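First comes the structure, then the notes that go with it.
Only heavy atoms go into these numbers, but all of them, side chains included; no hydrogens, no water, no symmetry mates. None of these values were measured; they are calculated from a predicted model. Naming convention: chains lettered A, B, ... in sequence-line order (proteins, then strands); numbering from 1 in each chain.
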Amino acid sequence: MSDISQAYPYEENGYTLYSCATCPYAQRALRAFRIAQVPHKVVEIDLLNKPSWYHLVNPQLKVPTLRTPSGDLLIESLVIAEYVADQFPKARLLSLDALERAQLRLFIELFSTRISSVFYRVLRAADVDDQEMEKKKLLEGVREVSRELENQWERESGKGGPFWYGDRFAYAEVATVSFAGLFRVLDHYRGFQVPDTQEYKGFNKWFGAVVNHPGFTDVKPDDAALIASYKRFLP
Amino acid sequence: MSSSSTTEYPYEEGSYTLYVTKHCPFAQRALRAFYAAKVPYKLVEIDLDNKPTWYHLVNPQLKVPALRLPSGEILIESLVISEYVADQFPEAHLLPTDALERAQLRLFVEIFSSKIVPNLYGALRAASAEEQETKKEGILAGIRDASRQLENQWKRVNNNEGLWLGDRVSLAEINTVSFVNQLAAVEIHRGLVVPQSQEYAAFNKWVEAYSARPEYTEYSLADEVIAEKLRKFLA
């Protein structure tokens, strides 16, 4: 696989993705490649025991990093995912319409600030009162995301759901589902669940479709590994 | 300026309406994008210290910029708005069409968002001299990173005229220059000096190149004005 005169392993003339199975950011990159059906080599990086050569790939020592066939290195999970969408337009990961793209970007931003970031705060909160406060915020975030999904399903590009682009698991899911998968972790450590009521209908419809789709399940780490990997966030 | 009788906020019928505060560096991204793309729009100035009672109808987060499209949809988030302009008006060439070049441009912009901007406000807010030094060093580290990226980029495009894309303003400038302008506050209040040495040469050349362009000068503010506006952040 690697040229022995180089100092780090990569796939000659192909895409190499430096990743970590339990990292939700790395999963975005993995999912983008898989949904677009682009062949790629995965090099697993143990984040708790990084290889000595990894700084040559990414000086910030983060995952994911992508090495292109031309030898260029890209970092940042969403930059990598958008690169895949741009480079492989036939996969139709991302709409070409300017407004649709903008609305999708806002959805990803909303999900990130109202759900993904709050997950970590629920886990990190030391006392029960703080945990309850963060859980309330998380539920607010899920309700906001739920409303946005329902707005999108009224639009032509959403076509009634259950995914952002109707019946297609695509860019919006690539960018968000690994964080949705963290609900499993919160249930385990904090007994948190999203209620099955009207206000959460949109989210539950989306999530129900997501968890059964190979776009999610193919890259999902097993529950035990995932739960164990989040133990370090607990106070 | 007209408004429909069934809505309660001012906008321009059949046109773009941009809600901004002229001295806000985030809003300036939107202003520069429209200017560079030569797209007509109606400007509605929002006084951030005295927001109009109707502004929550435009943006519930009460931030600027916000953009109302001719079709009535509203977009928020400065980077989403500038990218919308790039996508909607491709003839303005605000973004390259090549996937890898787009990714590299995005990573350049990300240096400002993740390394320079937080340290900019951090340096102003820092109470102790030690913390101020740490934040100033953070800004300089970000600038050195940007300088390296510029050097790599100019080798790639084989063009030495000083802008990211060589001779043409793009989102690489539109999304970043307002924050370089803001550095004047750190210079005046905290004694930041950007060296003239080799590590900073490409950055300094880039600043000189864009500073002469009307896309910059149309919205830039004098150093003293910036220093006064940001005085409120001082510890």
Side-chain angles (χ1 to χ4, degrees), chain A residues 15 29 32-33 36 38 58-60 62 64-91 93-114 140 144 147-148 151-152 154-157, chain B residues 16 30 33 37 39 59-61 63 65-92 94-115 141-142 144-145 148-149 152-153 155-156 171:
Chain A
Y15 287 98
F33 273 91
V38 177
N58 185 342
Q60 295 177 43
K62 293 193 215 169
T65 308
L66 174 68
R67 185 187 184 280
T68 67
S70 51
D72 294 283
L73 292 163
L74 294 180
I75 61 170
E76 297 295 330
S77 59
L78 288 179
V79 171
I80 294 171
E82 190 140 8
Y83 165 82
V84 175
D86 285 345
Q87 184 71 358
F88 301 98
K90 290 209 184 85
L93 277 181
L94 191 50
S95 162
L96 295 175
D97 178 81
L99 176 59
E100 287 176 21
R101 289 162 76 99
Q103 288 164 336
L104 191 154
R105 289 197 175 97
L106 287 175
F107 175 73
I108 292 170
E109 175 71 13
L110 182 74
F111 199 104
S112 172
T113 52
R114 300 281 199 265
E140 263 174 50
E144 275 196 70
R147 281 194 294 273
E148 267 320 298
N151 288 342
Q152 167 64 6
E154 305 266 298
R155 298 178 189 131
E156 203 187 311
S157 58
Chain B
Y16 288 99
V39 176
N59 184 353
Q61 293 179 37
K63 294 191 215 169
L67 173 67
R68 185 187 184 280
L69 274 55
S71 49
E73 277 102 354
I74 292 180
L75 295 178
I76 59 170
E77 297 294 331
S78 59
L79 291 175
V80 172
I81 291 171
S82 64
E83 188 131 12
Y84 165 82
V85 174
D87 284 344
Q88 185 69 5
F89 302 99
E91 63 277 12
L94 297 186
L95 270 178
T97 49
D98 176 77
L100 182 60
E101 289 175 33
R102 289 161 76 99
Q104 288 159 339
L105 188 155
R106 291 199 171 96
L107 289 175
F108 176 71
V109 172
E110 179 64 17
I111 295 170
F112 291 80
S113 311
S114 62
K115 294 188 181 166
R144 289 194 297 272
D145 199 349
R148 276 191 300 269
Q149 301 257 354
N152 291 340
Q153 167 66 6
K155 282 191 201 124
R156 286 189 295 255
L171 288 191

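For the atom pair CD1 of I111(B) and CD of Q149(B), the computed distance is 4.0 Å after rounding to the nearest 0.5 Å. The CZ atom of R106(B) sits 6.0 Å away from atom CG of D86(A), with the distance rounded to the nearest 0.5 Å. In this structure, L105(B) CG and E110(B) CD are separated by 12.0 Å, a value rounded to the nearest 0.5 Å.
Here R105(A) does not pair with E77(B) in a salt bridge; the nearest charged N to carboxylate O distance is not below 4.0 Å. With respect to D98(B) and R156(B), no salt bridge is recorded, no charged nitrogen being found less than 4.0 Å from a carboxylate O.
Of the two parts of E83(B), only the side chain, counted from C-beta on, holds a non-hydrogen atom closer than 4.5 Å to a non-hydrogen atom of chain A. L69(B) touches chain A through its side chain: at least one heavy atom from C-beta onward sits under 4.5 Å away, while N, CA, C and O do not. Heavy-atom distances place no part of L96(A) under 4.5 Å from chain B, backbone and side chain included. With a threshold of 4.5 angstrom between heavy atoms, I76(B) approaches chain A through its backbone and through its side chain. Within the 4.5 angstrom heavy-atom criterion, atoms from both the backbone and the side chain of Q87(A) approach chain B. At a 4.5 Å heavy-atom cutoff, I80(A) makes no contact with chain B through either its backbone or its side chain.
When the candidates P90(B), S71(B), A99(B) are compared by the number of heavy-atom contacts under 4.5 Å with chain A, A99(B) comes out ahead. Most heavy-atom pairs under 4.5 Å with chain B, from the set T68(A), L74(A), V84(A), L106(A): that is L106(A). If you tally non-hydrogen atom pairs under 4.5 Å between each of R101(A), E109(A), Q103(A) and chain B, the highest count goes to R101(A).
Here the shortest heavy-atom pairing between A37(B) and F89(B) reads CB-CB, 4.4 Å.
If you check the side chains of D72(A) and S70(A), you find a donor sitting under 3.5 Å from an acceptor.
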